[in-house]
J.: 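First, the structure itself, so that you have it in front of you.
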Amino acid sequence: MSRDHVQSAERTEAEAMALTGAETPFLQLLARGASADAYEQPVLLARAEGRPAEAIAALERAKLLALRVRAELEGRRRREAELSALFETAHDLAGLRDLDAVLQAIVQRARSLLGTDVAYLSLNDPERGDTYMRVTEGSVAARFQQLRLGMGEGLGGLVAQTARPYVTDDYFKDDRFQHTNTIDNGVRDEGLVAILGVPLMLGHHVIGVLFAADRRARVFEREQIALLGSFAALAAAAIDTANLLTETRSALAGLERANEIIRDRSAVIERASDVHDRLAELVLRGGGVHDVAAAVSQVLDGTVEFTEASDAPAAPLEASRAEGHAVRHEDDWIAAVAPGGELLGALVLRGHPGLDPVDQLTLERAAMVTSLLLLARRSAAEAEQRVRGELLDDLLDARDRDPRLLRERASRLHADLDATHVVLAARLDGTAPDADHEADARRRLWSAASHLAATRHGLAAARDGGTVLLLPLAPGDTATDLARRTAHQLGTAVHEAVTVGASAPVRDLAAHPDTAAAAYAEGRRCLDALRLLGRSGDGAAAEDFGFLGLLLAGDRDIAGFVERTIGQVVVYDERRGTDLVHTLDAYFTCGMSPARTKDELHVHVNTVAQRLERVARLLGDDWQDPARALEIQLALRLHRLSARSQH
């Protein structure tokens, strides 16, 4: 080993030891849940102590890595808290007894999860024709808590008119809605600046608005708006359920002589309460959409199925989504699963034309719970996809060179970086009519690739206008087989032609992260070669291109090319003591003339013919075709050069 290599190895080992020692204070900070500011202390202390520049640099790298881990943990805790709060609220709704308590819990959880100073809920008063504060949390101004607003006034009036969420970074500078002295004075007393409002919907009617507000300028993120919308849906459901219970109690009081009818209706309500309890239990124990359908099937004494939007009747499905209620279609009932208006599917009650209104409401509640489950599942899947993409990006960019951390991150995703992998570059070959369609097609390709990577214990990321995958190579499989199979699977998933170029198999990615970048470059070269050759929608590796593969491969696998091209002839000579390789060399040198070849070899022309027949049996009848002949001549020359280098 040269002196430079020894010095480089010593530097690498020293850096690794420095980084390992630098992690300790940050791991302690992570363990005790310290604030982000605390992560500067180890670096400042090292500088104050006059530590070497290498040690301080190692601390800086460890600090950045620890802050990324802390941010990831904080994000996961926040998502878990959001889902837990939604599930707890759904459970409260299932066992609804006190509407005010449920609404107060919703407002408290919304304020806590969004981290706002104030949260409040207003309801419309049809009799007086205005709207009033029903619940507030964090409010300190009495005038604000007692506000009654005319319909169409303030930000809440804009939400009620449009049935859409609205947000303002600075309330008093926003002229999109009607300002009044009463509202402005109340808001000024409370000191509010940034306000977010989402509608409470029953069907297509707005019955109130749920607000979250801060006493400073703030930008509300899309996820926060969606979360407040989910709480608003639960609040509307609580109000609707409370109204239903109120109507039931009034009916019981006014129909004392109709005991039979009362008993029947009570039984229906108990059945609805039972299904609510079952659904809440399913949510809490992590059940899926098909578990919800099975539970509702038992309660409604019928067959309830979850179907994709494409498999349900279009007209009744759209009517259910627009109205927010289950819709009858022939002998079936269809309840759209459409959180926030996004159509995800439907619950279909088969062969049950006669349906009690409360049973209809039960089906609608089940559709709402199904929406929450699908949103939660999609959120978890998207989070995992992002994590897989970040790890692959780090491998390709060689940002994280600690093998132990790379293995730990991969292990959490059920991936094994010590196994043999292939890097595949995938790209769509269709021409999009505009930029929006192209972006949508790329998102679908990335989604399909992420799903494939998750099921194959690999990684996937969007990159360079396409998608890159890192997939394990099964025993007996080849890079070519994997590339072609991946092109077919992705093309089937996105309904478009997908071309895939593959690298040669790579190993020990955790210990050698630079290998991933080189393999990706090789895969992209194969992808470009496929497209230039008009093989769109196909998959291939460098070994598929004959001697051109030597130009495409990152490591120039000369021995592999020779073995694939004339390996059978070489092995035959070694085993039988024949001279077929020399005969081939002389045959091509003599312009593929048997007569001149026999003179070159000093043998009879029949001997040359017999040897060439043996070559044909070993290499195939097309071995003298121009393309094959060119590859064979190149392989013979490389074999000859290789043999010389070994002597």
Side-chain angles (χ1 to χ4, degrees), residues 86 89 93 103 106-107 110 114 116 119-135 147-169 171 174-180 183 194-213 220-244 309 315-327 334-344 346 361 364-365 367-372 374-375:
L86 288 173
T89 305
L93 175 57
L103 294 181
I106 289 174
V107 172
L114 269 68
T116 57
Y120 50 101
L121 184 149
S122 69
L123 292 180
N124 297 345
D125 187 340
E127 294 182 2
R128 298 181 54 171
D130 62 359
T131 184
Y132 64 99
M133 290 288 186
R134 176 65 185 269
V135 181
L147 276 177
R148 293 192 73 97
L149 316 175
M151 299 300 291
E153 297 177 351
L155 184 143
L158 184 60
V159 173
Q161 283 180 342
T162 61
R164 294 173 55 191
Y166 270 88
V167 60
T168 178
D169 299 336
Y171 176 86
D174 200 329
D175 58 0
R176 291 178 300 165
F177 44 83
Q178 178 183 351
H179 288 267
T180 68
I183 301 175
I195 303 175
L196 164 64
V198 297
L200 276 66
M201 304 288 297
L202 281 182
H204 57 277
H205 297 293
V206 179
I207 62 169
V209 181
L210 179 60
F211 299 88
F220 288 95
E221 300 176 354
R222 181 179 300 177
E223 292 81 3
Q224 295 173 322
I225 298 174
L227 177 61
L228 193 64
S230 297
F231 277 117
L234 291 173
I239 294 168
D240 191 25
T241 303
N243 291 339
L244 177 61
L317 180 62
E318 178 59 28
S320 176
R321 184 195 65 79
E323 299 173 8
H325 293 292
V327 173
I334 296 175
V337 177
E342 181 184 2
L343 197 56
L344 301 180
L361 185 61
E364 294 165 0
R365 293 288 182 272
M368 183 185 70
V369 173
T370 301
S371 299
L372 291 175
L374 289 176
L375 286 176

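Everything quoted here is computed from the prediction, not taken from an experiment. Position 1 is the first residue of the sequence; numbering continues from there.
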J.: Can you find a pair of side-chain heavy atoms, one from Arg148 and one from Thr131, that are under 4.5 Å apart?
T.: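 When only atoms from C-beta onward are counted, Thr131 and Arg148 do not touch, as no gap falls below 4.5 Å.
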J.: Checking Phe211 now: which residues fulfil ring-ring contact (aromatic ring centres under 6.0 Å, His included) with it, not counting sequence neighbours?
T.: Tyr120
J.: Considering only heavy atoms from C-beta outward, does the side chain of Ile239 approach that of Leu123 to under 4.5 Å?
T.: yes
J.: Just by distance, do the side chain of Asp125 and the backbone of Glu127 share a donor-acceptor pair under 3.5 Å?
T.: yes
J.: To check you understand the geometry: which heavy-atom pair defines the closest contact between Ala160 and Val206, and what is its length?
T.: O-CG2, 3.6 Å
J.: Looking at Pro165 and Ile225, what are the two nearest heavy atoms and their distance?
T.: CB-CG2, 4.0 Å
J.: Any heavy-atom pair between the side chains of Leu121 and Leu200 that's under 4.5 Å?
T.: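 Touching, per the 4.5 Å side-chain cut-off.
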J.: Nearest heavy-atom pair of Pro316 and Ile334: which atoms, and what distance?
T.: CG-CD1, 3.9 Å
J.: Locate the shortest heavy-atom distance separating Ala213 from Ile195; write the atom from each residue and the value.
T.: CB-CG1, 3.9 Å
J.: Would you mind reporting whether Phe231 and Val198 have side-chain heavy atoms less than 4.5 Å apart?
T.: no
J.: Could you give the distance from CG (Leu196) to CZ (Phe220), rounded to the nearest 0.5 Å?
T.: 5.5 Å
J.: Testing the basics here: between Asp130 and Gly150, what is the closest heavy-atom pair and its distance to 0.1 Å?
T.: CB-CA, 4.3 Å
J.: With heavy-atom distances below 4.5 Å as the criterion, would you say the side chains of Asp240 and Arg365 are in contact?
T.: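 SC-SC contact between Asp240 and Arg365 confirmed.
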J.: Quick one: are Leu227 and Leu114 in side-chain contact, heavy atoms under 4.5 Å?
T.: yes
J.: What distance do Leu202 atom CG and Ile207 atom CD1 have between them, rounded to the nearest 0.5 Å?
T.: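 It comes to 4.0 Å.
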J.: Looking at His325, is its backbone amide N or carbonyl O close enough to the side chain of Ser320 to form a donor-acceptor pair, meaning the two atoms are under 3.5 Å apart?
T.: yes
J.: Please report the closest heavy-atom contact between Gly152 and Gln178, naming both atoms and the distance.
T.: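 The answer is O-OE1, 3.7 Å.
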J.: Please evaluate residues Val209 and Tyr166 with respect to the criterion side-chain contact (heavy atoms from CB on, under 4.5 Å), reporting the C-alpha separation (whole Å), side-chain torsions for both, the decisive distance (0.1 Å), and the verdict.
T.: CA-CA 10 Å; Val209 181; Tyr166 270 88; over 6 Å; no
J.: Would you please name every residue forming a side-chain hydrogen bond (donor to acceptor under 3.5 Å, both in side chains) with Arg176, sequence neighbours left out?
T.: Asp174
J.: Give, for atom CG of Leu103 and atom CG of Leu210, the distance between the pair rounded to the nearest 0.5 Å.
T.: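 If I round to the nearest 0.5 Å, the distance is 9.5 Å.
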